[in-house]
Structures are given as C-alpha cells and as structure tokens.
Amino acid sequence: MYKRQEITAAQLDAQRAYCDMIRAAIAPRPHFAMVETYGCQQNESDSEILRGWLMDCGYSLTDDASRADMIAINTCAVREHAEKRVFGNVGALVHNRAKNPDLIVAVGGCMTQQETVKERIRESFRMVDLVFGPHEVWQFPELLWRTMERRGRRGNRSRLIAASPSDGVVAEGLPRQRDSGVKAWLSIMNGCDNFCTYCIVPHVRGRERSRRPADVLAEAAALAAAGYRDITLLGQNVNSYGKGLDDGVDFPDLLRAVNAIDGDFVIRFMTSHPKDATEKLFRAMAESEKCARHLHLPAQSGSDRILKLMNRHYDRKKYLEAVALARRYMPDLVLTTDIIVGFPGETEADFAETLSLVEEVRYDAMFTFIYSPRTGTPAAAMPDPVSRAEKQVWFDRLLGTANAISAEKHAAYVGKTVRVLIDGETNDPARNLSARTKGGRLVHLAGDPSLVGTFADAKITASSTWALFGETARQ
Ligand code: 5AD
Ligand code: SF4
C-alpha cells in the first residue's frame, strides 16, 4: 500500500556519514566516477543527484568509462528498445572490469524495479556489483559503502541487489551536480497514478507524490538566484500536482508562484495529461510572463476506441477542445505530443484517425513510438494481431506527415527575428551555439561562447524539420 515517506534530516545526515567513510576509503589516490543516463528527464534529474552524491563521496566525475573506478547506469523501462541497449552496454563493461578489477558497476533506474530484470542481472551479468531502484537514490552512499564492504570481504563475487518495491519516498536536501549552469530540471513530483494500460511507469516509479510547494519554491528561488535561465518543472503528470497534500496549491497556482520569483528566466514544464489540462492552467500560463509558450500534450492516439483501451480518460473531441482553448489563450503556443502506433487491436481505421488528428492539430514537433509490450501491464495481455512490419509502415507514414508539418512550421520562422536563450555550445564550428525560442524550438547560431546563458535576438535565416538556423541580430 502506498504511504508517503518523507526522508528526515537525521536519515540524510546518516547518508552524509557514509560519504565521509567512502571519501576516507578512496583517499589514497584520485577516483573517478561516471553516470550514464537512459530515458526521460526525470532520470536525468536523478542522475544529477547521483553525481552530487558521488562528488560528496570524494569522486571526480568523468565521461570516459575506461578511466572510471565507479560506473552507475541509470536505466529506463518505458520501451523494450531502451532495455536492450542497457543490457548490451552493461554486458560490454566486462572488458572494463577485466582491465580494472576494482571497478564498481551499479545499475539503477526503472528497469531494476522489475523482478525479471533483477533475475537476469543476477544470472547473466556478473560484472554488476549493485542494483538499486529510483526509490533508493536518496540512500546511494549507504548502498555504495555496503557494496564496497562486501567486495572487500568476499572479493568480486558478492553483489548487492537492493531495488525495493514501489513506495512513496519524498526526499529534500539531496546534493545535486547539475549538468548545466543555464538550464535546470526541477522535479516537483514523482510517480504516476494514471495506469495507462501500456505504461510501466506507475509500476516502477510508484504512486504519485508531490513535493511541498514551499520546498519547490525555495529550490526555484535558489536556481534563479544562482543565475539559471531556464527552469523545467518535472513530473510524470504535472497537472495533478498537489494531490494528497493539504497545502491547497495546484499546478496552476504553483506556476504563478514560480513566475513571481525575481529573476530573468523561462519556466517550462512537462508532462501534461490532457484529462487534467484545464482552462485554469492555460490562463495561468498566459498570465505568467516567464512561462514558455509551449505545451507538451501527449495525445497517444486519435481514435476514441483506442484511447478507451489505453485508459486515457479523454476522447478525441475533448482533446481537440483542450488544444483549441489553449490556443485561444496563447495564439503563439508551440504544441508537441507523444503518439503510440500499433497499440494492441489497433486497426487501419484507428490509425487513420490518429493521422487525421495530427493533420488537424498540426504539431510543431512529435515524439512517435511503436507500441512496445511491457510485462505486467494490461495491454501486454491484449490480443495484438497486427504484424510488426505493418506497424512499421503506419509508423513511417505518421513520421512522414509529422516531419512535413514540422518543416512547414519551422519554415514560417525564416526571415523573422525571435528572442532566444543561448543555452549551450554545439560541435558544429559553423554554428557553434545552441539556443531555444520561448516556445522551445531549437536554434543553431554562430557567436561567441561567452553568450551562453544570455538572452539574444536571433534572425532566422534557414530551417529544417528539427531546427532553426540563424544569426544573432544586432542589439
Ligand atoms: N510502448 C510504446 N510507447 C510507450 N510510451 C509509454 N509506454 C509505451 C509503450 N509500452 C510512450 C508514451 C509516453 C512516452 C513517454 O512514451 O507515448 O507518452
Ligand atoms: Fe505512463 Fe500514462 Fe502515467 Fe504517462 S500518464 S507515466 S503514459 S501511466
């Protein structure tokens, strides 16, 4: 049964004591740690905490696996493809282990919440020393210490497999090594209560639980004060933020409160569930000048029959009404979505409905997926007569349509000057800076690297399906 479990200051102090012990143990020579991340932004955010802990434990961070003394892999279970890649890459670490017998390999993230995965690691992945789940990120130092102790006592043979069943952990005050000095993830909640029939997330990340508004706002204010220019509020379904708390603050209220924080920054958020995307949300977005004019509103399908089988709690009409309302409040809204092709029982006629929805809404960008059965979800037990090859044909048609619309929408920017946040550097010497419009469109620019972290006016000179290209306009 779900129970909210707030981690206490004493529990965190105990973790810091483990950091001190690890720091002392590895002190004789420099140690390097690497964290590799698969999957969603929530995982990116958890990896930042892992990096924070590792630094507190005395490690230096590296991206070079051959140099690492400690490798943590933060996995994703949403689709089978990601799982296969993880197993392939973890398997390849056997070579790193051969070169460095002291290497510690830890596998964390959503995959490890599945018994089948734990079993497979136990049997076939001897190079893994520690398995831990998303609910144990807060106690990573203790798990790492216990792993080191076991290694010391019994050589390389004894592993620690900790991933606990889903529960309701909420932890404040964890260390965090952020990836960027410009863009920050701000996790406002964890877990999901929606149980879409195809989705593994509620099974691995547990029930929905929100951080307290005061904690979220304190973190947002600290980010703004530290000069972050782009803050993304994260949750599996941010629209139901606040459920289960007694603070009386819902997501639109939270958005307004973050908007009221002093500073020059953009607020983004994801993901929104269409069933909870209300007029109150759109009004709050429109009236919050810092809020990006961007809504990621996963439709998943355009067919009412399939939406029902997916347990999505809205139909095509309701979805289109939400889009129209959002656009009424924000005529310049950038709209993106997720679509699953080939859900069990989907027919050519259902697929045609999805295609027509996409043509009607005209998304700025789309994330399209072929349905991937996940053990333990209701959809995995539904009859699925359509072949993979046929689903691929549908997928290619959808992608063709989506790309053509994105390209057209991007082409409409050419010749215009838009305000962008320059958020990083690229590997392309001709256009060495990456930037985002307020709606979240990617822009490549040429300019001095010192511009990273500043807002600029960009004149758009060219476009593609994926991005805009331009030059910084004279101020
Ligand atoms: N198969 C394919 N796509 C999936 N998604 C979630 N679960 C599955 C699955 N089993 C997609 C949904 C979700 C996005 C993050 O991943 O479109 O919005
Ligand atoms: Fe999965 Fe649906 Fe929850 Fe999104 S809302 S995480 S698709 S169950």
Side-chain angles (χ1 to χ4, degrees), residues 2 37-46 75-85 109-111 113-114 116-117 134 166 187-210 232 234-241 243 251 269-277 295-303 306-314 319 322 335-346 351 354 357-358 363 365-382 384 386 388 391-392 394-395 398-399 402:
Y2 162 69
T37 315
Y38 293 79
C40 66
Q41 290 85 357
Q42 197 72 247
N43 256 18
E44 298 281 355
S45 168
D46 284 351
T75 64
C76 169
V78 166
R79 283 171 294 274
E80 194 186 5
H81 178 68
E83 289 200 353
K84 282 196 172 141
R85 270 177 56 217
C110 292
M111 269 173 73
Q113 292 294 119
Q114 299 162 281
T116 46
V117 169
S166 316
S187 173
I188 63 168
M189 58 205 292
N190 234 304
C192 181
D193 285 351
N194 287 318
F195 289 95
C196 301
T197 52
Y198 50 82
C199 188
I200 193 81
V201 168
H203 306 269
V204 293
R205 281 215 173 249
R207 296 291 65 70
E208 200 171 285
R209 57 227 178 250
S210 297
T232 303
L234 281 185
Q236 302 298 341
N237 176 19
V238 293
N239 302 142
S240 56
Y241 173 82
K243 201 172 81 181
F251 184 65
F269 61 86
M270 66 190 320
T271 286
S272 293
H273 194 302
K275 78 175 164 58
D276 304 315
L295 187 62
H296 183 65
L297 202 60
Q300 311 296 3
S301 172
S303 152
I306 297 296
L307 287 170
K308 210 170 187 104
L309 287 174
M310 288 177 162
N311 193 32
R312 290 290 285 176
H313 295 287
Y314 56 86
Y319 181 89
L335 200 69
T336 57
T337 200
D338 294 341
I339 299 279
I340 296 176
V341 172
F343 183 83
E346 184 170 327
F351 173 70
T354 296
L357 179 86
V358 165
Y363 294 101
M366 287 173 44
F367 299 90
T368 46
F369 309 100
I370 292 183
Y371 168 73
S372 170
R374 308 282 63 211
T375 309
T377 60
M382 295 178 188
D384 190 4
V386 175
R388 169 86 198 193
K391 291 182 181 183
Q392 187 69 49
W394 293 350
F395 180 85
L398 182 66
L399 200 63

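Remember, predicted model here, so these are calculated numbers, not experimental data. Start at 1 and go down the list; that is how both ligands and their atoms are numbered.
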With heavy-atom distances below 4.5 Å as the criterion, would you say the side chains of Tyr363 and Leu335 are in contact? yes
If we number the atoms of ligand 2 from 1 as shown, the ones under 4.0 Å from a heavy atom of Pro202 are 8 (S)
Item to check | Between Gln300 and Tyr198: side-chain donor-acceptor atoms closer than 3.5 Å | outcome: yes
The closest protein heavy-atom partner of atom 5 (S) of ligand 2 is Asn194 ND2, 3.4 Å
re atom 9 (C) of ligand 1, the protein heavy-atom contact at minimum distance is Ser372 O, 3.6 Å
* Is the closest heavy-atom distance from Ile370 to ligand 1 below 4.0 Å? -> yes
Under 4.0 Å between a side-chain nitrogen and a carboxylate oxygen: does that hold for Lys391 and Asp384?
yes
Margin query: Can you confirm whether the side chains of Glu83 and Thr75 place a donor and an acceptor under 3.5 Å from each other?
Written below: no
shortest atom 1 (Fe) of ligand 2-to-protein heavy-atom contact is with Cys199 SG, 2.2 Å
Taking only non-hydrogen atoms of His273 and a 4.0 Å limit, the atoms of ligand 2 in range are 5 (S)
Nearest non-hydrogen protein atom to atom 7 (N) of ligand 1, with distance, is Tyr198 CD1, 3.3 Å
d(His81 NE2, Ile370 CD1) to nearest 0.5 Å is 11.0 Å
Separation between NZ (Lys308) and OG1 (Thr197), nearest 0.5 Å, reads 12.5 Å
Contact region, Val201 to ligand 2, non-hydrogen atoms below 4.0 Å, reads side chain
Exactly one candidate in Phe351, Phe369, Phe343 meets ring-ring contact (aromatic ring centres under 6.0 Å, His included) with Trp394; the answer is Phe351
Taken to the nearest 0.5 Å, the spacing of Asn311 CG from Cys199 SG works out to 11.0 Å
Ranking Thr197, Asp338, Val201 by closest non-hydrogen atom to atom 13 (C) of ligand 1, top hit is Asp338
The atoms of ligand 1 lying under 4.0 Å from a heavy atom of Arg374, numbered in the order shown, are 10 (N)
To the nearest 0.5 Å, atom NZ of Lys243 lies from atom CG of Asp276 at 8.0 Å
re atom 2 (Fe) of ligand 2, the protein heavy-atom contact at minimum distance is Cys196 SG, 2.4 Å
of all protein heavy atoms, closest to atom 16 (O) of ligand 1 is Arg79 NH1, 2.8 Å
Q.
If you apply the rule ring pair (Phe, Tyr, Trp, His ring centres under 6.0 Å), what do you find for His296 with Phe269, and how did you get there?
A. CA-CA 8 Å; His296 183 65; Phe269 61 86; over 10 Å; no
of all protein heavy atoms, closest to atom 3 (Fe) of ligand 2 is Cys192 SG, 2.2 Å
The protein heavy atom nearest to atom 7 (S) of ligand 2 is Tyr198 OH, 3.3 Å
Atom 6 (C) of ligand 1 sits nearest the protein heavy atom Val78 CG1, 3.4 Å
Interatomic distance, CD@Gln42 vs CG@Asn190, rounded to 0.5 Å, equals 4.5 Å
Quick look: Phe369 vs ligand 1, heavy-atom contacts under 4.0 Å, and the answer is side chain
Taking only non-hydrogen atoms of Arg312 and a 4.0 Å limit, the atoms of ligand 2 in range are 2 (Fe)
Atoms of ligand 2 under 4.0 Å from any heavy atom of Phe195, numbered from 1 in the order shown, are 8 (S)
Tell me if a side-chain donor or acceptor on Tyr319 pairs with a main-chain N or O of Ser301 at a distance below 3.5 Å. no
For atom 4 (Fe) of ligand 2, the closest protein heavy atom turns out to be Gln236 O, 4.4 Å
Of all protein heavy atoms, the one nearest atom 12 (C) of ligand 1 is Gln300 OE1, 3.4 Å
